[in-house]
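Positions are given from 1 along the sequence. Below, all heavy atoms of this structure are taken into account, side chains as well, without hydrogens, waters or symmetry copies. For ligands, and for the atoms within them, numbers begin at 1 and follow the listed sequence.
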Amino acid sequence: MSLLEIDNLSVDYRVGTGSLRAVDHVSLRIEAGEALGVVGESGCGKTSLGLSVPMLLPGNATISSGSIKLADHELVGMNEAQLNRLRWTAVAFVFQGAMNALNPVQRVDRQILEAISAHDSHAAKEESSQRVLELLDLVGIAPARAKSYPHEFSGGMRQRAMIAMALACRPSLLIADEPTTALDVISQAQILALLSSLRRSEDLSVLMISHDLSAIKRVCDRIVVMYAGVVVETGTTEQVLGRRGESALAAHPYTQALIGAHPDLRGERVLAPGLAGHPPDLSKPITGCRFADRCPSAMSVCREIVPPTVTISEGHTASCHLLKKVGA
Ligand SMILES: Nc1ncnc2c1ncn2[C@@H]1O[C@H](COP(=O)(O)OP(=O)(O)OP(=O)(O)O)[C@@H](O)[C@H]1O
Ligand code: SF4
Ligand SMILES: [Mg+2]
């Protein structure tokens, strides 16, 4: 049994008099101790997928199909009291842009202490204060800085403090939504190194959401590529992005385009081609392949029939008519 098993999950948002499907029949697994990266352009449904695990979706969202099992607990259909027992203790979430979510008028140690007390009302004060210092130390913040206010921290330190807070109740799964966005490159590298080391030291599984392929490559064992609410490719990080110093093995034209749009700092100095156009409007019905309008290899079948999911090698799948042609 996997730690997290998501099957056929669909998430719809009510918008005006209609609705849009942000996540469309997505399935994925995370094993204990594994790090899975979810990658895709803005608006592809990454955050909606991540928020659905601790059931923190906004009020206009509905889970319209599927199942989410965390350590064998079915989360879909649980009531708030049941969910609250699992939030922070079994699954913790570092929100997109969370480093700016610290209370500006409260010292950092106090905010982490409150997170501990909120989830363990019986925790002894002294023990909890000690735990705050341990947590700060764990994420690389010296205990001497514990009494600082958020504005006295750099962006990287604020993100570390948010990660410390997320780990307060020793969750087995950490969901980090764009944990390095808005940080300078040095701080980005430090946060990625921190997430990698926490996986080992805290026995954590990680679901990392990012549009940054190199960030995913540094932290994750496996990768799920999302486009317009659906999974278009999945495999180990090496199967999809290639080994260090080797070229990528991505099979889906969208993944290939994402990789092509990403400048390679070690490779030849060439202008990254970019990816023209936008993902489709999810509030309108889409026939066939969702990437067809932007795909350089699109064929007439692509606009009519949803592409099948093809196994390329063990653990590596992609959904594209081209692959059916090759394998047929
Ligand atoms: N509260 C909401 N109400 C209505 N539509 C929403 C809401 N939140 C997200 N959406 C829509 O759902 C789709 C998926 O959004 P989501 O935020 O999950 O994507 P994302 O991949 O995380 O994007 P980004 O990289 O910009 O964070 C988008 O079309 C978005 O406009
Ligand atoms: S199914 Fe067709 S349009 Fe879609 S990615 Fe494959 S070739 Fe391109
Ligand atoms: Mg997002």
Visitor: Among all protein non-hydrogen atoms, which one is nearest to atom 16 (P) of ligand 1, and what is the separation to 0.1 Å?
Guide: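 That would be Ser48 OG, 3.7 Å.
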Visitor: Check each atom of ligand 2 against the heavy atoms of His252 and keep those under 4.0 Å away; list them by number with element.
Guide: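 That gives atoms 5 (S) of ligand 2.
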Visitor: How far is atom 26 (O) of ligand 1 from its nearest protein heavy atom, and which residue and atom name does that atom have?
Guide: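 In this structure, atom 26 (O) of ligand 1 has Ser42 OG, 2.5 Å as its nearest protein heavy atom.
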Visitor: Report the nearest protein non-hydrogen atom to atom 31 (O) of ligand 1: residue, atom name, distance rounded to 0.1 Å.
Guide: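 The answer is Leu20 CD2, 4.9 Å.
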Visitor: Can you confirm whether Pro179 sits close enough to Gln159 that some side-chain heavy atom of one is under 4.5 Å from a side-chain heavy atom of the other?
Guide: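 Yes, close enough: below the 4.5 Å cut-off.
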Visitor: Could you verify whether a donor N or O on one side chain and an acceptor N or O on the other, from Ser64 and Asp12, lie under 3.5 Å apart?
Guide: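 Distance-only check passes for Ser64 and Asp12.
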Visitor: I'd like the name of whichever of Asn60, Val11, Leu51 reaches closest to atom 3 (N) of ligand 1 through any heavy atom.
Guide: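 Result: the heavy atom closest to atom 3 (N) of ligand 1 is in Asn60.
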Visitor: Under 3.5 Å, is there a donor-acceptor pair between the Ser65 and Asn8 side chains?
Guide: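 Asn8 and Ser65 do not have a side-chain donor-acceptor pair below 3.5 Å.
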Visitor: With heavy atoms of Pro58 as the reference, note each atom of ligand 1 found under 4.0 Å away.
Guide: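 Heavy-atom distances to Pro58 below 4.0 Å select 1 (N).
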Visitor: Let's test this: below 2.8 Å, count the protein N/O/S atoms around atom 2 (Fe) of ligand 2.
Guide: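 For atom 2 (Fe) of ligand 2, the figure is 1.
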Visitor: Starting from atom 19 (O) of ligand 1, what is the nearest protein heavy atom, named by residue and atom, and what distance separates them?
Guide: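 Looking at atom 19 (O) of ligand 1, the protein heavy atom closest to it is Gly45 N, 3.2 Å.
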Visitor: Just how far is it from atom OG of Ser300 to atom NE2 of His321, taken to the nearest 0.5 Å?
Guide: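 Interatomic distance, Ser300 OG to His321 NE2, rounded to 0.5 Å: 9.5 Å.
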Visitor: Please check if the side chain of Asp221 supplies one atom and the backbone of Ala35 the other of a donor-acceptor pair under 3.5 Å.
Guide: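 Yes; judged by distance alone, with no hydrogens or angles, the pair exists.
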Visitor: Which residue owns the protein heavy atom closest to atom 23 (O) of ligand 1, what's the atom, and how far is it?
Guide: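 Ranking protein heavy atoms by distance from atom 23 (O) of ligand 1, first comes Gly43 N, 2.7 Å.
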Visitor: Any atoms of ligand 1 less than 4.0 Å from a non-hydrogen atom of Glu41? List them with their elements.
Guide: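 Listed by number with element: 21 (O).
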Visitor: For Asp177, does its backbone N or O pair with a side-chain atom of Gln96 as donor and acceptor, under 3.5 Å?
Guide: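 Side chain of Gln96 to backbone of Asp177, a donor-acceptor pair under 3.5 Å: no, none is there.
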Visitor: What is the closest protein heavy atom to atom 6 (C) of ligand 1, and at what distance does it sit?
Guide: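 The answer is Tyr13 CD1, 3.5 Å.
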Visitor: Ala22 versus ligand 1: do any nitrogen or oxygen atoms come within less than 3.5 Å of each other?
Guide: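 Between Ala22 and ligand 1, no N or O pair is found under 3.5 Å apart.
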Visitor: Is there a protein heavy atom at a distance of less than 4.0 Å from atom 13 (C) of ligand 1?
Guide: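 For atom 13 (C) of ligand 1 the answer is yes, since some protein heavy atom falls inside 4.0 Å.
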Visitor: Quick one: do the Tyr254 and Glu233 side chains pair a donor with an acceptor below 3.5 Å?
Guide: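 Tyr254 vs Glu233: no donor-acceptor pair found between side chains.
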Visitor: Main chain of Ser117, side chain of Ser128: is a donor-acceptor contact present, judged purely on distance under 3.5 Å?
Guide: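 Such a contact is absent between Ser128 side chain and Ser117 backbone.
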Visitor: Is the shortest heavy-atom distance from the side chain of Met55 to the side chain of Ile63 under 4.5 Å?
Guide: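 Yes, their side chains come closer than 4.5 Å.
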Visitor: May I ask you to test the Ile175-Leu51 pair for a side-chain heavy-atom distance under 4.5 Å?
Guide: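 A side-chain contact under 4.5 Å is absent here.
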Visitor: Would you say ligand 1 has an N or O under 3.5 Å from any N or O of Arg14?
Guide: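 There is no such contact.
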Visitor: Say whether, by atom type as modelled, one donor and one acceptor occur between the side chain of Glu34 and the main chain of Arg222 under 3.5 angstrom.
Guide: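 No, Glu34 side chain to Arg222 backbone: no donor-acceptor pair under 3.5 Å.
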Visitor: With a cut-off of 6.0 Å (strictly less than), are more than 12 heavy atoms of other residues, nucleotides or ligands near CZ of Arg29?
Guide: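 More than 12 heavy atoms, drawn from other residues, nucleotides or ligands, come within 6.0 Å of this atom.
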Visitor: Which atom pairs, one a donor and one an acceptor, fall under 3.5 Å between side chains of residues 131-142 and the rest of the protein, sequence neighbours left out?
Guide:
from, atom 1, to, atom 2, distance (Å)
Arg131, NE, Ala168, O, 3.4
Arg131, NH2, Leu167, O, 3.1

Visitor: Within a strict 4.5 Å, meaning less than it, do heavy atoms of the His25 and Val230 side chains meet?
Guide: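 With C-beta onward as the side chain, the pair stays apart.
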Visitor: Among all protein heavy atoms, pick the one closest to atom 17 (O) of ligand 1 and tell me residue, atom and distance.
Guide: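 That would be Thr47 CB, 3.8 Å.
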Visitor: Given Lys46, Met226, Gln96, identify the one with the heavy atom nearest to atom 25 (O) of ligand 1.
Guide: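 Among Lys46, Met226, Gln96, the closest heavy atom to atom 25 (O) of ligand 1 belongs to Lys46.
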Visitor: Is the shortest N/O to N/O distance between Val15 and ligand 1 below 3.5 Å?
Guide: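 N/O-N/O distance under 3.5 Å: no.
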